[in-house]
Amino acid sequence: MALSSVQITGTGQLLDLSRRLRAVSGAPIQRNMARRVRRAAEPLHRDMQDVIRGLRLAADRRRAGSHGGPSPTSRPFRATLAEAVRISVRTGGNPGARIYADKGRLPRDISVGVLYQLNDGRLRHPVYGNRSRWTNQRTPAMWWDRTVRQHTPRMQAEVARVLDDVRRQLE
């Protein structure tokens, strides 16, 4: 199951407009378009980070006689994941905006696959790094997809408005 992402890309209008912008050599117009497309994606970006920070992680019940303990790391898990969510805006060959999890912004011991697992509703991980003992944590399933779906109509309308404005400038 792949995380769905908002990708308002590859539409005929965006591709046509991108070609026309390159032909006119409208660097200021391209920068303005990129800035406005980014601005359209920022509410989703902030909301996605807020959803991750507030994600409830419920642990499976412990076995009798097992004890909890302090975390082996001092970093906050959900905040670390939230900081890895990024926006990418392109105006070149495949123009558009994309919200994604940047694996380069995650610590080495956390992979992007953690977000896929969390979106599926279950995070399976070793207990305090002990690979001979594993546990599950549950979370509401499909939270990434739900957040994307909530923002998609607004973003599509905003990008359509940006395209109309840029088209008018080029005429």
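Sequence positions, counted from 1, serve as the residue numbers for this chain.
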Legend entry - Closest contact, heavy atoms only, Leu81 versus Leu106: CD2-CD2, 3.9 Å
Inset, instruction - Could you tell me the separation between the NE2 atom of His125 and the CG atom of Asp109, rounded to the nearest 0.5 Å? - result: 12.0 Å
Inset, instruction - Give the intermediate values and the outcome of side-chain contact (heavy atoms from CB on, under 4.5 Å) for residues Asn119 and Met142. - result: CA-CA 5 Å; Asn119 191 50; Met142 307 308 278; 4.2 Å; yes
Legend entry - Partners meeting side-chain contact (heavy atoms from CB on, under 4.5 Å) with Pro43 (sequence neighbours left out): Arg46, His151, Arg154
Legend entry - Pairing residues for Arg168 by the salt bridge (charged side-chain N to carboxylate O under 4.0 Å, His left out) criterion, not counting sequence neighbours: Asp165
Legend entry - Donor-acceptor pair, side chain of Gln49 and main chain of Ala82, under 3.5 angstrom: yes
Legend entry - Any residue meeting side chain to side chain donor-acceptor pair (under 3.5 Å) with Arg122, in chain and number order, not counting sequence neighbours: none
Legend entry - All side-chain contact (heavy atoms from CB on, under 4.5 Å) counterparts of Ala34, not counting sequence neighbours: Val89, Thr91
Legend entry - By salt bridge (charged side-chain N to carboxylate O under 4.0 Å, His left out) - contacts of Asp50 (at least two apart): Arg53
Inset, instruction - Check step by step if side-chain contact (heavy atoms from CB on, under 4.5 Å) holds for Met48 and Val148. - result: CA-CA 8 Å; Met48 191 64 73; Val148 167; 3.8 Å; yes
Inset, instruction - Quick one: list whatever passes salt bridge (charged side-chain N to carboxylate O under 4.0 Å, His left out) with Arg38, sequence neighbours left out. - result: none
Inset, instruction - Could you tell me whether Arg39 and Glu42 have a side-chain N and a carboxylate O separated by less than 4.0 Å? - result: no
Legend entry - Ile52 side, atom CD1; Phe77 side, atom CZ - distance, nearest 0.5 Å: 9.5 Å
Inset, instruction - Work out which heavy atom in Ser88 is nearest to a heavy atom in Tyr100; give both atom names and the distance. - result: CB-CE2, 3.7 Å
Legend entry - Which residues share a side chain to side chain donor-acceptor pair (under 3.5 Å) with Gln117, sequence neighbours left out: none
Inset, instruction - Only counting residues at least two apart or in another chain, list the ones meeting side-chain contact (heavy atoms from CB on, under 4.5 Å) with Thr139. - result: Leu55, Leu57, Leu118, Trp143
Legend entry - All side chain to side chain donor-acceptor pair (under 3.5 Å) counterparts of Asp102, not counting sequence neighbours: none
Legend entry - Side chains of Thr135 and Arg124 in contact at under 4.5 Å (non-hydrogen atoms): no
Legend entry - Heavy-atom closest contact (Asn130 atom, Ser132 atom, distance): OD1-OG, 2.6 Å
Inset, instruction - Go through the structure and list residues passing side-chain contact (heavy atoms from CB on, under 4.5 Å) with Ala41, not counting sequence neighbours. - result: Ile87, Ala97, Ile99, Met155
Inset, instruction - Check Glu83 against Arg105 and note the closest heavy-atom contact, atom names and distance. - result: O-NE, 3.2 Å
Legend entry - Set of residues satisfying side chain to side chain donor-acceptor pair (under 3.5 Å) with respect to Arg86, sequence neighbours excluded: none
Inset, instruction - Could you tell me which non-hydrogen atom of Leu115 sits nearest to which non-hydrogen atom of Ala101, and how far apart they are? - result: CD1-CB, 3.2 Å
Inset, instruction - Of all the heavy-atom pairs spanning Ala40 and Glu158, show the shortest one and how long it is. - result: CB-CG, 3.3 Å
Legend entry - Point-to-point distance, once rounded to the nearest 0.5 Å, from CZ of Arg56 to CD of Gln137: 12.5 Å
